[in-house]
2 protein chains.
Amino acid sequence: MDQVLSSVRNGCKLLKMFLDGPPEMGVTELSKRLQLSKGAVHKLLTTLESEGFIRKNEKTKQYTLGYTLLELGDKVIKNHDIVAFSTPYIQRLLARTQELVVLCIQDGKDAIYVSKADSPHPIRFTLETYRRFPMYSTSASRVLLAYRTPEFQDEILREEIKGYTPHSFTSVEEIKQNLQDIRERGYEFSSNRRNVGVTGMAAPIFDSTGEVVASISVIGPSDRVLPQQDVIRNELLTTVQEMSAELGYRYQLTRPVL
Amino acid sequence: MDQVLSSVRNGCKLLKMFLDGPPEMGVTELSKRLQLSKGAVHKLLTTLESEGFIRKNEKTKQYTLGYTLLELGDKVIKNHDIVAFSTPYIQRLLARTQELVVLCIQDGKDAIYVSKADSPHPIRFTLETYRRFPMYSTSASRVLLAYRTPEFQDEILREEIKGYTPHSFTSVEEIKQNLQDIRERGYEFSSNRRNVGVTGMAAPIFDSTGEVVASISVIGPSDRVLPQQDVIRNELLTTVQEMSAELGYRYQLTRPVL
DNA sequence: AACATCGTTCTCTATTCGTGAACAAAAATC
DNA sequence: GATTTTTGTTCACGAATAGAGAACGATGTT
């Protein structure tokens, strides 16, 4: 029945409080946010501190995330084959397009940018890596979503859709149509959708089983990207096809017909 | 009495298993390493998985570290003032010395390199950031240790000392002497000690209270570093003095006399 | 096809978790 | 500087659960 350890879950939730909360918090503040008693929070904190997951500022008696999380987070990247594998391709794509290149993967119901190469231009589009976001919200994550099962897509789209710009999607029907477009086209092209004045293209990377394991996106200011969109599209598609081929994917034989 | 939550501690220890173990592990292997029943490990894993701290490979039924740890690890760096503060200084020091520059901090009984700038030379000394190591083992961490209380130093040195090279320290007395040298000299110079053919220099950064908050080390191949050691020492000391001054440390007034 | 091994589920009891109150130690207020 | 408020920490207790161990079911191996 009960497959979850409540105190472990509380410990996890406590750590995650620091993702959106202030960098340092006290026992009382955490107990309010977690809706747990001060005593329980205090026990959680001392336990997590003894393991290096939490660090205590002895002067202010406030608590912060500990350095063990730094080690673990670093391991996630080091253990992740696709990140190491993609690095040279991302670098090459940056060299050829001169715009931001990001690698996007799926984790549960969310998407995450796990690797990037910044544009050398002084005015450039930037984004934060390692933070989760909804799968319907960016071109790279929509490419991932486009190749998932219809059931999974519905599950994702059941969540509330927030419009970011006048050009953002507002209805579920609109996104479902977009996902079909992506599959037919083989990539996503998105201009001024989430951010005004920003244009991005994204394409999927397949592995030997035909699964989409990641997507790559090239994003930049519309006034630089739109004039050279044919070049960028060409470089992007060449890159993901090379990567997929190296992973054992056969484009001719198993081209997806969803 | 009991200030520690056993299941939370078990969860932490489970996650840390992946630091030195294989990148993917199953229930049985983890239960053996943790000396817990399979059922208990399974509950830990499902709980940690539901919070994104563990990821399950559905094909192999094996478990790995989850992406939430990536977010949290990234936050540790982002929240850490000294890292952001030191970045421009580290970059400048790299530009002037052309050798590896690292920032070292203390965490409990360990030391960690939290930031670095790699040498542009094709042959260069490199090291891994974010991993903990004993405070007596590198020049940067010995600088940190040198400004701690004698009680703390003894606590650290009580641990077993492992010699890395023929020039490494072998006795506690030898290290205590070295710590005193560092305080008198104001920096550490270490040639061929831990790694043959490698020379490094390290110096402390003080804050307004006179505490050493971090140390900076410049490390490179001995045949490049030794000929220009005066230049490197000068640049290093200038840098840490500037940083300490910016943090509010007064060299004249509060020079430590330990 | 029989076997071994692994992940998962189940039941049960000793253990422990979380609460709420009390205490102590700082901060903030006057 | 004294008082009040707020904070971190400790404690005791009852309800909840964590962990052991065995059994099940699913893989993959010989």
Side-chain angles (χ1 to χ4, degrees), chain A residues 1-18 21-66 79 107-108 207-209 211, chain B residues 1-18 21-66 79 108 208-209 211:
Chain A
M1 276 307 120
D2 194 6
Q3 298 284 32
V4 102
L5 305 180
S6 55
S7 63
V8 175
R9 190 192 48 216
N10 287 339
C12 292
K13 291 208 184 297
L14 189 155
L15 293 172
K16 288 203 259 184
M17 281 296 123
F18 291 95
E24 284 196 351
M25 282 189 267
V27 176
T28 311
E29 178 163 13
L30 283 165
S31 82
K32 278 177 191 161
R33 288 179 186 245
L34 291 164
Q35 308 204 58
L36 284 168
S37 69
K38 284 200 293 176
V41 169
H42 188 259
K43 276 194 221 175
L44 278 172
L45 285 167
T46 49
T47 307
L48 291 168
E49 189 192 2
S50 73
E51 297 294 330
F53 284 65
I54 281 285
R55 192 160 42 95
K56 185 182 182 178
N57 187 333
E58 287 294 348
K59 287 168 195 159
T60 64
K61 300 267 184 185
Q62 297 265 96
Y63 294 87
T64 329
L65 296 175
N79 287 351
D107 182 35
D207 70 5
S208 60
T209 69
E211 288 275 307
Chain B
M1 281 302 122
D2 193 9
Q3 298 283 32
V4 103
L5 305 181
S6 57
S7 62
V8 174
R9 190 192 50 216
N10 287 338
C12 292
K13 290 206 184 300
L14 189 155
L15 293 172
K16 288 202 258 186
M17 283 294 126
F18 290 95
E24 283 196 354
M25 282 189 267
V27 175
T28 310
E29 178 164 10
L30 284 165
S31 82
K32 278 176 191 160
R33 288 179 186 247
L34 292 163
Q35 307 204 57
L36 284 168
S37 69
K38 285 200 293 177
V41 169
H42 189 258
K43 275 194 223 177
L44 278 173
L45 286 167
T46 49
T47 306
L48 290 168
E49 190 193 1
S50 74
E51 296 294 331
F53 285 65
I54 282 285
R55 193 158 42 96
K56 185 183 185 177
N57 186 334
E58 286 295 347
K59 287 168 194 159
T60 64
K61 301 268 185 183
Q62 297 266 95
Y63 295 87
T64 328
L65 296 175
N79 288 350
S208 59
T209 69
E211 287 277 306

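Order of the sequence lines fixes the chain letters, A, B, ..., with proteins taken first and strands second; residue numbering starts at 1 for each chain. All heavy atoms count here, side chains included; hydrogens, waters and symmetry mates do not.
Remark: Thr47(A) pairs with Val4(B), Leu5(B), Val8(B), Arg9(B) by the side-chain contact (heavy atoms from CB on, under 4.5 Å) rule, at least two apart or across chains. Qualifying side-chain contact (heavy atoms from CB on, under 4.5 Å) partners for Pro22(B), counting only residues two or more places apart in sequence or in other chains: Met25(B), Glu29(B), Arg33(B). Ser31(B) is linked by a side-chain contact (heavy atoms from CB on, under 4.5 Å) to Lys38(B), Val41(B), counting only residues two or more places apart in sequence or in another chain. For Asp107(A), the side chain to side chain donor-acceptor pair (under 3.5 Å) partners are Arg132(A), not counting sequence neighbours. Every residue meeting the side chain to side chain donor-acceptor pair (under 3.5 Å) condition with Arg55(B), not counting sequence neighbours, appears here in chain and number order: Tyr67(B). Evaluation of the salt bridge (Lys or Arg N to Asp or Glu O under 4.0 Å) rule for Glu49(A) yields no partner, not counting sequence neighbours. Shown here are the salt bridge (Lys or Arg N to Asp or Glu O under 4.0 Å) partners of Glu51(A), two or more places apart in sequence or in another chain: Lys13(B), Lys16(B). The side chain to side chain donor-acceptor pair (under 3.5 Å) search around Thr28(A) returns none, not counting sequence neighbours. A search for side chain to side chain donor-acceptor pair (under 3.5 Å) contacts involving Asp207(A) returns Thr209(A), not counting sequence neighbours.
The stretch residues 9-18 of chain B has no heavy atom under 4.0 angstrom from DNA chain C at all.
Dashed line: the shortest gap from a side-chain N or O of Lys56(B) to OP1 or OP2 of dT8(C) is under 4.0 Å. The phosphate of dT7(D) has neither OP1 nor OP2 within less than 4.0 Å of any side-chain N or O from Tyr63(A).
Contact check for Leu14(B) versus Leu36(B): no side-chain heavy atoms found under the 4.5 Å cut-off. Using a 4.5 Å heavy-atom threshold, the side chains of Asn10(B) and Leu34(B) count as separate.
In this structure, CE of Met25(B) is placed 14 Å from P of dC6(C), rounded to the nearest angstrom. In this structure, Ile54(A) places its CD1 atom 13 Å from P of dG8(D), rounding to the nearest Å. Following rounding to the nearest Å, His42(B) (NE2) and dC10(C) (P) show an atom-to-atom distance of 11 Å. For Leu30(A) and dT7(D), the CG to C1' distance is 13 Å, given to the nearest whole Å. Spacing between atom CG of Asn57(B) and atom P of dC6(C) amounts to 17 Å, rounded to whole angstrom units.
Comparing Gly26(A) and Ser6(A) by the nucleotide of DNA chain D that holds the closest heavy atom to each, the one mapping nearer the 5' end is Gly26(A). Comparing Thr60(A) and Ser7(A) against DNA chain D, the residue whose closest nucleotide sits nearer the 5' end is Thr60(A).
Closest contact between the side chain of Leu5(A) and the listed nucleotides dT9(D), dT8(C), dG19(D) involves dG19(D).
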Filtered N/O pairs between nucleotides 20-30 of chain D and protein, under 3.5 Å:
from	atom 1	to	atom 2	distance (Å)
dA20(D)	OP2	Ser37(B)	N	2.6
dA20(D)	OP2	Ser37(B)	OG	2.6
dA20(D)	N7	Ser37(B)	OG	3.4

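Within the helix from dG7(C)-dC24(D) to dC30(C)-dG1(D), the inter-axis angle between the opening and closing five-pair segments is 60°, rounded to 10°.
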